[in-house]
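What follows is a single structure, written as C-alpha cells, with notes after it.
Throughout, protein chains are lettered first and strands after them, A, B, ... in sequence-line order, and every chain is numbered starting at 1.
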Amino acid sequence: MSATDTTTTEAGRDFIRDIIQDDVDTGRVTTVVTRFPPEPNGYLHIGHAKAICLNFGVAEEYRGRCHLRFDDTNPTKEEQEFIDAIKRDVHWLGFDWGEHLYHASDYFEQLYEWAEYLIREGKAYVDDTPPDQMRSQRGTLTEPGQNSPYRYRSVEENLDLFRRMRAGEFPNGARVLRAKIDMASPNMNLRDPVLYRILHAEHPRTGNAWCVYPTYDYAHGQSDAIEGVTHSLCTLEFEDHRPLYDWLIENLPVPAHPHQYEFARLNIAYMVMSKRFLTRLVHEGRVSGWDDPRMPTLAGVRRRGIPAAALRDFVRRSGITKSNSVSEYASFEYSIRELLNRTALRRMAVLRPLKVVVENWSEGRTETLEAINNPEDPSAGTRPITFGRELYIERDDFMENPPKKFFRLGPGREVRLRYGYFITCREAVKNAAGEVVELRCTYDPATRGGNAPPDGRRVQATLHWVAAADAIKAEVRLYNHLFTRPDPGADGDLMADLNPNSLEVLHDCLVEPALAATPIGEAVQFERIGYFSADPDSTPGKPVFNRTVGLRDTWARVQTRG
RNA sequence: UGGGGCGUAGCCAAGGGGUAAGGCAGCGGAUUUUGGUUCCGCCACCGGAGGUUCGAAUCCUCCCGCCCCAGCCA
C-alpha cells in the first residue's frame, strides 16, 4: 500500500475522491489541482471548513496542490480585513497554500480580453436594458424569456460599447455584457447570463483601475482554467451553473478544461452558517464580534478553545455527499471531547463556590499534595496542590435533602476530595435567608491523597475543590447555543430565534493557582465540569476562561429524566 | 403543468442484483480517586406502489416528499 493509499484511507472515501481516483487511474489527470475560492466579504465559518478540508485534503492525498484564490469580483462587498482574516483562519485550520495565493482580480485583464473574444465570435453582446426590465424579459421558471432588443448588435458596435464601458463612460447599471446563449433554456443560468457589469467602486486590490467587473459565473471557471485547476469543487447550489461553466470553457481559448463537481454544504443543528446573517449579528452588536466564542466562524471556534484538529475530525466524520443534511450538535461535541480528553491538562476550578471548614484541621496549617495532570497521558506528570482548613467546593455538590440517586455531599455524608482527603459533613451553616453558606466538616487523616482508608470504607463520590489559602479568582464564561431551536429561522425570522441566554458570565469563580498563567487559547479540563480555554480578555491578576464544551454529564441526564 | 439534485435507523453515512458497514445519539452492564474516560452488549429489511428475477436497498415503471434556480451576489 502506498503512502497515498494510506492517507486517503484515513481521510475516508467519498464520491469526489472516487472521481479523482478514476481520473488519476485513467491518466486523464496527472497532477491533481484544486482550489479554495472564498469571497472576501466576511469571515470563514464551519461550513467553509468542510470545503477547505476537502480541497486541501484531496490535494495532499494525491500529492497535488490546492490554491487559495480570493474570488474578489465584487468590490462593493469585499474588504482587505476579510482577506487577512481568511488567510489566518485557513492556516489555523492546518492548511498551507504555499506559493499558490491568487486572486480573481489577478486575471481581470485576461478575462477582459476573453470577453472581447466572445464578442468577436458573436457570442456576447452589450445590453442596455435596465435591470428591472431585464428581469421581466428573463421569463419565469415555466415560461421562456424574450430576446433583448440589443441582442443583435453588430460586433463592431458591441466592441465599441464594451470598450467605452471599461473606459468609464457609463454610470452603474447603464449596460452589461451578456453571453448570447438561449433565452428559452429551461436552465435560467443559460438565458443570456450577465458577464460584466459596471461598478464604479474602489477594489481592495486593483483600486480604481477598473469600473467593469466580471460576474462570478464568468470569472470562476476561467480562473480555474488559468490556474490549471483540475477539479473545481463547489456546493450544490452551483449545480445549475455547471452547464454555463462548461459553455464558457468550451467557447473560450482557455489553456485548460477544468471540471466542476458539487457536494452538499455542512450544517449543524442550532447553528446558522449564513455569512449574510453572521454579518448582521456583528453589525447589530448581537455578539461581541466575528470572533465571539458563540459564533460558528473559525475565529469564534478558535477563541472558544476548539482545536483545529477537532474540527477537522468532525468534518471527516460527517462525510462528503450530495444530500442536504444537518449534523447533530452532539456529533460536533464528540469530536471536541475526543481530542481534548487525550490532550487537555486537568485542573480544579470551582465555578460556584461553597465554603467548607475542616474542623479537625488546625488553623493555619496547610499541606502539599500531588495531583495527576492527565490520567490519559502519564507523561503530563503531576503538580502540587494545597490542602488546608478552609476549602471551597461546588455548590451543586451539596444538597441538604439529597434524593436517592444523589451521590455527593449532604449532612452526615462522606465524600472524597480529589487528591485530598475524605471529608464528612457535620453541619450546614445557613444565613438569615435560610441559604446554606458554609459547611462544617471533618477529615480522615487515613485518607491522605484521596486514598481509601485501611478499613476499606468507600465513598460514592469524588469532588473537586480548591484551598482558600491559594485559590485565585477567575471569570468564567459559559456558552449555550446561539439559537433556541435546532432549525433557526424555520419560522422565517432568524433574529427571533436568538437565544437570550447564550452567554452566562460567572465572576466569582475560584481556581487552583496552576491556572493563573494559562496560555491564551490552551485547553484545560476543569475536572468534573468541562473543557475550558483562557480568553484574550484575561489579565495578569484575573484569568478569564471560556467553556469550550462541557463533560458528558450523566447525572444531569438522570435528573431531567426524573 | 420548467430545469437541476436528493431520499438507507433519532442524526451523519457505507453498500449499486445474492440476502443491510461504521460513527454520533440512546439503552443495559463492567471498570473507575473526574456521575469523565475506557470496555462489553442491544438498537434498520433501505420514501411508497407495482414489475423483472431463483433472489432487489441495489434493475425497470409510476407515484410521494425535500432542496436549489427567475441578483447587473457568490
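B:C69 and B:U19 have their P atoms separated by 42 Å, with the value rounded to a whole Å. B:G17 and B:C54 have their C1' atoms separated by 12 Å, with the value rounded to a whole Å. Atom P of B:G50 sits at a distance of 26 Å from the matching atom of B:G16, rounded to the whole Å. As rounded to the nearest Å, B:A25 and B:C45 have P atoms that lie 23 Å from one another. The gap from the C1' atom of B:G15 to that of B:A56 amounts to 13 Å, rounded to the nearest Å. The C1' atoms of B:C73 and B:U37 are separated by 48 Å, rounded to the nearest whole Å. Comparing the same atom, C1', in B:G65 and in B:G29 gives a spacing of 41 Å after rounding to whole Å.
Among residue pairs with one or both ends in residues 127-146 of chain A, none qualify as ring pair (Phe, Tyr, Trp, His ring centres under 6.0 Å); sequence neighbours excluded. Residue pairs satisfying the salt bridge (Lys or Arg N to Asp or Glu O under 4.0 Å) criterion with at least one member in residues 210-221 of chain A, sequence neighbours excluded, are absent. Residue pairs satisfying the salt bridge (Lys or Arg N to Asp or Glu O under 4.0 Å) criterion with at least one member in residues 35-55 of chain A, sequence neighbours excluded, are absent.
Counted by atom type alone, A:Q525 and A:E527 present zero donor-acceptor pairs between their side chains at under 3.5 Å. Between A:E116 and A:Y112, the side chains place a donor N or O and an acceptor N or O closer than 3.5 Å (distance only, hydrogens not considered).
At the heavy-atom level, A:K405 lies under 4.0 Å from base atoms of the strands shown. Nucleic acid contact for A:T73: sugar-phosphate only, since backbone atoms but no base atoms lie under 4.0 Å from a heavy atom of the residue. Within the 4.0 angstrom heavy-atom criterion, no nucleotide atom of any strand lies near A:P486. Looking at heavy-atom distances under 4.0 Å, A:S325 makes contact with sugar-phosphate atoms alone, never a base. Among the protein residues, A:P375 comes within range of the nucleic acid bases, having at least one heavy atom under 4.0 Å from a base atom. Residue A:N74 is classed as a sugar-phosphate contact, given heavy-atom separations below 4.0 Å to backbone atoms only. The residue A:E39 sits close only to the backbone: its heavy atoms come under 4.0 Å of sugar-phosphate atoms, none of a base. Counting non-hydrogen atoms under 4.0 angstrom, A:Q460 reaches nothing in the nucleic acid. Note on A:N41: nothing from the nucleic acid sits closer than 4.0 angstrom, heavy atoms only. Nucleic acid contact class of A:Y334 (heavy atoms, under 4.0 Å, all strands): sugar-phosphate only. Heavy atoms of A:T447 sit nowhere under 4.0 angstrom from any nucleic acid atom. Residue-level contact check: A:H241 touches the bases, meaning some heavy atom is under 4.0 Å from a base atom. Base engagement by A:R416 is indicated by at least one non-hydrogen atom pair under 4.0 Å involving a base atom.
Remark: A:D444 engages A:R457 in a salt bridge (Lys or Arg N to Asp or Glu O under 4.0 Å) (not counting sequence neighbours). Checked against side-chain contact (heavy atoms from CB on, under 4.5 Å), A:P130 has the following partners two or more places apart in sequence or in another chain: A:D132, A:Q133. Checked against ring pair (Phe, Tyr, Trp, His ring centres under 6.0 Å), A:F36 has no partners two or more places apart in sequence or in another chain. With sequence neighbours excluded, the residues forming a ring pair (Phe, Tyr, Trp, His ring centres under 6.0 Å) with A:Y261 are A:H231, listed by chain and number. Not counting sequence neighbours, the partners of A:E367 by the side-chain contact (heavy atoms from CB on, under 4.5 Å) test are A:W361, A:R365, A:L369, A:Y421, A:R448.
Residue A:R383 qualifies as enclosed at atom CZ: its count of foreign heavy atoms under 6.0 Å is above 12.
Using a 4.0 Å cut-off between charged side-chain N and carboxylate O, A:R153 and A:D127 make no salt bridge. Comment: A:D224 engages A:R69 in a salt bridge, judged by a side-chain N to carboxylate O separation of less than 4.0 angstrom. Residues A:R151 and A:D192 are paired through a salt bridge, judged by an N-O separation under 4.0 Å between the basic side chain and the carboxylate.
A syn base is found at B:G71: its glycosidic angle is within 90° of 0.
Listed by residue number, A:P186, A:M188, A:V194 are the residues of residues 179-195 of chain A with a heavy-atom contact under 4.0 Å to RNA chain B. Listed by residue number, the members of residues 549-556 of chain A with any heavy atom below 4.0 angstrom from RNA chain B are A:L551, A:R552, A:T554, A:W555.
Put simply, the side chain of A:Y218 gets close to the backbone of A:A115: a donor and an acceptor are under 3.5 Å apart.
For RNA chain B, the contact window with chain A, defined by any atom under 4.0 Å from a protein heavy atom, covers B:G2 to B:A74 in 5' to 3' order.
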Original post:
How does RNA chain B look in dot-bracket notation if pairs are Watson-Crick or G-U with both distances under 3.5 Å, crossing ones as [ ], other-strand ones as |?
Top reply: .(((((((.[[[..)..(...]]].(((((.......)))))....[[[[[..)....]]]]])))))).....
